[in-house]
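Have a look at the structure below before the remarks.
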Amino acid sequence: MRVVERLRAAGCVYAEEEAALLVGAAADAADLEQMVAARIAGTPVEQVVGWADFGGLRVVVEPGVFVPRRRTTLLVRLAVERLAGPGPGAVVVDVCCGSGAVAAAIRAARPDIEVHAADLDPAAVACARRNLPAEVVHEGDLLAALPRHLLGRVDVVVANAPYVPTDEVALMPPEARDHEHRVALDGGADGLDVQRRLAATVGPWLAPGASVVVETGRHQAERSADLLRGAGLAAVVVEDAEVEGCAVLATAGVTVAA
């Protein structure tokens with residue numbers, strides 16, 4: 001049976017596109033067979049081939065690491081827009097960075113800025129160090145992972161923190177719940193535990209007029225915004241129908257316009 005037919009029979013919605021990726025990535029027929037078997041077993045195609053397309057950027061993705069979603073390109077767009085003010089030398093931090101896709105995309109758009117990334121998961125840190133200079137990827141919990149010399153100097157914080165409520169993780173597609181580490185998915189009882197901790201600790205790291213951009217779910221967006229408002233930031237919800245993204249954009253010391 002051809003690769004496309006096998007993938008379609010296994011329920012892959014984009015069988016043709018995935019087959020082309022697998023064939024293109026395989027070293028030989030035996031390698032292709034292993035890849036097809038892994039995909040049929042439910043492994044995300046990005047983890048099978050070892051990379052994901054993120055806004056036109058090829059990002060390395062390793063087993064267990066969160067696969068960057070198209071909707072998260074909204075964070076990149078908002079961060080780059082906010083960097084128009086600080087200019088060259090601005091500091092951007094990507095927390096809960098996973099593969100480092102967001103940080104890498106921002107760095108590609110603005111090579112004149114200083115980018116750092118952080119994650120609690122050692123597997124994510126190792127993967128992000130393949131997509132970014134190793135020395136700017138830090139292992140640890142949120143902003144506590146950063147070097148202290150960044151205190152008060154960060155112009156933009158971006159965060160795709162886990163926001164799926166604990167009881168809903170089991171309802172996620174098996175590609176996510178079975179093949180991405182739970183720490184990248186589980187946001188606690190209401191999905192906002194990590195965002196809550198970020199809002200409580202981000203203040204001292206921010207430069208005057210700095211922005212915080214956080215991905216969230218549409219049904220949680222106003223509560224996510226309230227968390228950042230409670231930290232003294234002006235916050236608005238921003239949606240992008242084209243990429244199906246939703247984020248909160250918060251700024252220190254000024255009124256924010258979407």
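Just the heavy atoms: all of them, side chains too, but no hydrogens, waters or symmetry mates, feed the values below.
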Does [X] reach the side chain of [Y], with side-chain heavy atoms less than 4.5 Å apart?
{"X": "R58", "Y": "D53", "answer": "no"}
{"X": "V248", "Y": "V236", "answer": "no"}
{"X": "R148", "Y": "L151", "answer": "yes"}
{"X": "V60", "Y": "S99", "answer": "no"}

Does [X] belong to the same Ile/Leu/Val/Met/Phe/Trp/Tyr cluster as [Y], with side-chain heavy atoms less than 4.5 Å apart forming each link?
{"X": "V169", "Y": "V67", "result": "no"}
{"X": "V80", "Y": "I113", "result": "yes"}
{"X": "V158", "Y": "V115", "result": "yes"}
{"X": "V92", "Y": "V76", "result": "yes"}
{"X": "V137", "Y": "L146", "result": "no"}

Taken in chain and number order and not counting sequence neighbours, the residues that satisfy side-chain hydrogen bond (donor to acceptor under 3.5 Å, both in side chains) with R182 are D186

Item checked: Test applied, side-chain contact (heavy atoms from CB on, under 4.5 Å); reference residue, L120; option that passes from V125, D141, V95 ->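 When V125, D141, V95 are each tested with L120, the side-chain contact (heavy atoms from CB on, under 4.5 Å) holds only for D141.
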
Before accepting this row, confirm whether a basic side-chain N of the pair [X]/[Y] lies closer than 4.0 Å to the acidic partner's carboxylate O.
{"X": "R229", "Y": "D226", "value": "yes"}
{"X": "E242", "Y": "R77", "value": "no"}
{"X": "R153", "Y": "E114", "value": "yes"}
{"X": "R2", "Y": "E5", "value": "yes"}
{"X": "R8", "Y": "E16", "value": "yes"}
{"X": "R196", "Y": "D190", "value": "yes"}

How many angstroms lie between atom [atom1] of [X] and atom [atom2] of [Y], to the nearest 0.5 angstrom?
{"X": "L132", "Y": "C97", "atom1": "CG", "atom2": "SG", "value": "7.5 Å"}
{"X": "L143", "Y": "H138", "atom1": "CG", "atom2": "NE2", "value": "11.0 Å"}
{"X": "R70", "Y": "D240", "atom1": "CZ", "atom2": "CG", "value": "8.0 Å"}
{"X": "E180", "Y": "F66", "atom1": "CD", "atom2": "CZ", "value": "5.5 Å"}
{"X": "N131", "Y": "L57", "atom1": "CG", "atom2": "CG", "value": "7.5 Å"}
{"X": "L249", "Y": "E81", "atom1": "CG", "atom2": "CD", "value": "8.5 Å"}

*Any donor-acceptor pair under 3.5 Å linking the side chain of D31 with the backbone of A26?*
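Answer holds: no.
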
- Query: Would you find a donor on one side and an acceptor on the other, under 3.5 Å apart, between the side chain of D155 and the backbone of V91?
  - Reply: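 At least one qualifying donor-acceptor pair exists.
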
Which heavy atom in [X] sits nearest to a heavy atom in [Y], and how many Å separate them?
{"X": "L83", "Y": "V156", "result": "CD2-CG2, 3.9 Å"}
{"X": "D193", "Y": "G188", "result": "OD2-CA, 3.4 Å"}
{"X": "A101", "Y": "P68", "result": "CB-CB, 3.7 Å"}
{"X": "A15", "Y": "L7", "result": "O-CD1, 3.7 Å"}
{"X": "L75", "Y": "A159", "result": "CD1-O, 3.8 Å"}
{"X": "I106", "Y": "A79", "result": "CD1-CB, 3.6 Å"}

Intermediate values then yes/no, side-chain contact (heavy atoms from CB on, under 4.5 Å), C96 and L142:
CA-CA 7 Å; C96 303; L142 298 176; 3.7 Å; yes

Inset, instruction - Could you check R129 against E135 for side-chain contact (heavy atoms from CB on, under 4.5 Å), going step by step and ending with a plain yes or no? - result: CA-CA 8 Å; R129 285 177 175 160; E135 66 273 13; over 6 Å; no

Counting only heavy atoms not in [X], do more than 12 fall under 6.0 Å of its [atom1]?
{"X": "E244", "atom1": "CD", "answer": "no"}
{"X": "D167", "atom1": "CG", "answer": "no"}
{"X": "R107", "atom1": "CZ", "answer": "no"}

Could you pull out every donor-acceptor pair under 3.5 Å between side chains of residues 34-49 and any protein atom, sequence neighbours left out?
unit_1: R39; atom_1: NE; unit_2: E18; atom_2: OE1; d: 2.6
unit_1: R39; atom_1: NH1; unit_2: T43; atom_2: O; d: 3.0
unit_1: R39; atom_1: NH1; unit_2: E175; atom_2: OE2; d: 2.7
unit_1: R39; atom_1: NH2; unit_2: E18; atom_2: OE1; d: 3.4
unit_1: R39; atom_1: NH2; unit_2: E18; atom_2: OE2; d: 3.1
unit_1: R39; atom_1: NH2; unit_2: E175; atom_2: OE2; d: 2.5
unit_1: T43; atom_1: OG1; unit_2: A38; atom_2: O; d: 3.3
unit_1: Q47; atom_1: NE2; unit_2: V65; atom_2: O; d: 3.1
unit_1: Q47; atom_1: NE2; unit_2: H179; atom_2: O; d: 3.0

Can you give the donor-acceptor pairs under 3.5 Å from side chains of residues 203-213 to other protein atoms, not counting sequence neighbours?
unit_1: S211; atom_1: OG; unit_2: R82; atom_2: NE; d: 3.3
unit_1: S211; atom_1: OG; unit_2: T251; atom_2: OG1; d: 3.1

Using the six-membered ring wherever Trp is involved, compare the ring planes of H149 and H116 and label them parallel, tilted or perpendicular (cut-offs 30° and 60°).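 Geometry flag for H116 against H149: perpendicular rings.
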
**OP:** Begin with the C-alpha distance, continue with both residues' side-chain angles, and end with the deciding distance and a verdict on side-chain contact (heavy atoms from CB on, under 4.5 Å) for F54 and T73.
**Re:** CA-CA 7 Å; F54 183 69; T73 58; 3.7 Å; yes

| message | Assess the residue pair V214 and L198 against the criterion (side-chain contact (heavy atoms from CB on, under 4.5 Å)); give the C-alpha distance rounded to whole Å, side-chain angles, the decisive distance to 0.1 Å, and a yes or no. | response | CA-CA 10 Å; V214 180; L198 176 63; 4.1 Å; yes

Hey, mind stepping through Y163 and Q220 against side-chain hydrogen bond (donor to acceptor under 3.5 Å, both in side chains) and telling me if it holds? CA-CA 9 Å; Y163 55 87; Q220 300 162 308; over 6 Å; no

task: Show your working on salt bridge (charged side-chain N to carboxylate O under 4.0 Å, His left out) between E215 and R69 and close with a plain yes or no.
output: CA-CA 11 Å; E215 183 171 309; R69 273 62 158 172; over 6 Å; no

